[in-house]
Participant: 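Here it is: the structure, laid out below.
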Amino acid sequence: DNPVHYVALGDSGAAGPAWLSYAGGDGCGRSDAAYPAMIASALHPVSFARVACSGATSAHVVSTPQSTYTPLPHRVPVQIDALRPHTTLVTLSIGGNDLNWAQLIGPCLQPVPQEDPRCRNNPVVLQEIDQRLGELGPVLDGVLDAITQRSPRAVVVLVGHGGYFDHQGCFPDSNLHGADAAFVQDFFVRFDS
């Protein structure tokens with residue numbers, strides 16, 4: 001058996017924030033209920049660094065320290081600084097904050113659930129989604145290249161986003177019309193692709 005040296009990188013998808021997880025630490029909202037903690041519990045790695053941080057962008061993973069403000073202001077180091085040449089496993093959940101996904105699908109959310117905003121047919125929304133998704137691919141390629149340079153032996157597992165919605169708009173207080181809920185779910189499928 002080869003020893004596992006595991007590093008968890010990314011945004012809130014990997015940090016798994018819960019209200020109490022912000023109460024201490026550096027403001028990243030890391031939770032023991034998040035998937036990196038569960039993976040570490042199952043694999044019993046020789047080393048485990050979880051540096052994922054809620055609100056992180058790709059730049060925070062590879063080049064720019066992140067500022068957090070909950071509960072106090074903190075400056076969080078660049079995430080790939082946790083990688084070592086002997087790292088064997090990296091999980092990465094990133095890109096949602098680069099896209100500002102909540103703003104992209106914002107026109108689909110309505111204060112009155114019965115209304116159909118038809119964002120799925122809105123040319124401005126469609127163009128913005130296409131543009132931002134097109135710009136994200138090269139950014140993520142750069143993140144993966146940086147990880148590979150730091151930890152060339154590591155298996156890198158990309159973890160997707162978007163389990164927040166189903167075809168009926170299942171998310172507390174989302175007020176997604178059914179047809180737009182399917183559109184939003186399709187957006188996350190495209191994003192994860």
Side-chain angles (χ1 to χ4, degrees), residues 8-23 26-31 33-36 52-71 73-74 76 79 91-144 158-193:
L9 306 173
D11 54 24
S12 60
W19 287 112
L20 291 178
S21 65
Y22 287 109
D26 58 9
C28 286
R30 294 182 203 98
S31 166
Y35 73 80
C53 190
S54 295
T57 65
S58 297
H60 296 130
V61 173
V62 297
S63 61
T64 305
Q66 183 177 351
S67 296
T68 62
Y69 301 97
T70 306
H74 288 282
V76 180
Q79 292 184 26
T91 55
L92 174 67
S93 175
I94 201 70
N97 296 314
D98 295 80
L99 289 174
N100 193 356
W101 69 264
Q103 183 270 334
L104 277 179
I105 67 164
C108 300
L109 305 175
Q110 292 297 310
V112 180
Q114 295 82 7
E115 290 183 15
D116 182 0
R118 307 183 68 77
C119 74
R120 64 196 174 277
N121 298 324
N122 182 326
V124 174
V125 171
L126 297 172
Q127 180 181 6
E128 187 73 15
I129 287 173
D130 287 346
Q131 178 182 337
R132 290 198 200 173
L133 286 174
E135 294 167 353
L136 185 61
V139 171
L140 295 181
D141 286 344
V143 172
L144 294 172
L158 300 176
V159 180
H161 287 70
Y164 321 108
F165 302 99
D166 67 12
H167 281 293
Q168 286 75 44
C170 183
F171 185 74
D173 302 319
S174 68
N175 292 339
L176 274 172
H177 187 271
D180 278 346
F183 170 76
V184 168
Q185 188 177 47
D186 181 62
F187 160 75
F188 282 110
V189 169
R190 290 179 61 200
F191 169 35
D192 289 345
S193 294

Participant: Please give me the minimum heavy-atom distance between Leu92 and Tyr35, naming the atom from each residue.
Facilitator: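 Closest approach of Leu92 to Tyr35, heavy atoms only: C-OH, 4.2 Å.
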Participant: Which heavy atom of Ala56 sits nearest a heavy atom of Gly10, and at what distance?
Facilitator: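 Closest heavy-atom pair between Ala56 and Gly10: CB-O, 3.5 Å.
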Participant: Rounded to the nearest 0.5 Å, how far does CD of Gln79 lie from SG of Cys28?
Facilitator: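 Rounded to the nearest 0.5 Å, the SG-CD separation comes out at 7.5 Å.
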Participant: Are side-chain heavy atoms of Val139 and Thr57 found at a separation under 4.5 Å?
Facilitator: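 SC-SC contact between Val139 and Thr57 ruled out.
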Participant: Could you give the distance from CG (Leu133) to OG (Ser193), rounded to the nearest 0.5 Å?
Facilitator: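 That separation rounds to 9.5 Å.
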Participant: Should Leu99 and Phe187 be marked as a side chain to side chain contact (heavy atoms under 4.5 Å, CB included) after you check the CA-CA gap, both sets of side-chain angles, and the distance that decides it?
Facilitator: CA-CA 11 Å; Leu99 289 174; Phe187 160 75; 4.1 Å; yes
Participant: Using the side chain to side chain donor-acceptor pair (under 3.5 Å) criterion, which residues pair with Asp11? Sequence neighbours excluded.
Facilitator: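 Scan of Asp11 (side chain to side chain donor-acceptor pair (under 3.5 Å), adjacent residues dropped) gives Ser93, His161.
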Participant: Of all heavy-atom pairs between Val143 and Ser58, which one has the smallest distance, and what is that distance?
Facilitator: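 Nearest heavy atoms, Val143 then Ser58: CG2-CB, 3.6 Å.
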Participant: Does Glu135 reach the side chain of Asp98, with side-chain heavy atoms less than 4.5 Å apart?
Facilitator: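 Side-chain contact under 4.5 Å: no.
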Participant: Pair Ile129, Arg190 - check side chain to side chain contact (heavy atoms under 4.5 Å, CB included), show working.
Facilitator: CA-CA 10 Å; Ile129 287 173; Arg190 290 179 61 200; 3.7 Å; yes
Participant: Working to the nearest 0.5 Å, report the span between CG of Leu158 and CD1 of Ile94.
Facilitator: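 Answer for the CG-CD1 pair, Leu158 versus Ile94, is 11.0 Å.
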Participant: Do you know which two heavy atoms are closest between Pro117 and Pro107, and how far apart they sit?
Facilitator: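 So the two residues come closest at CB-O, 3.6 Å.
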Participant: Check side chain to side chain donor-acceptor pair (under 3.5 Å) between Gln127 and all other residues, then give those that pass, not counting sequence neighbours.
Facilitator: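 Per chain and number, Gln127 pairs via side chain to side chain donor-acceptor pair (under 3.5 Å) with no residue.
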Participant: How close do Arg30 and Ala52 get, heavy atom to heavy atom, and via which atoms?
Facilitator: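 That closest heavy-atom pairing would be NE-O, 2.7 Å.
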Participant: Search all heavy atoms of Asp180 against all heavy atoms of Cys119 and return the closest pair with its distance.
Facilitator: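 Taking every non-hydrogen atom into account, OD2-N, 3.1 Å.
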Participant: Please check if the distance between the ring centroids of Phe188 and Trp101 is under 6.0 Å.
Facilitator: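 Here the rings of Trp101 and Phe188 have centres that are less than 6.0 Å from each other.
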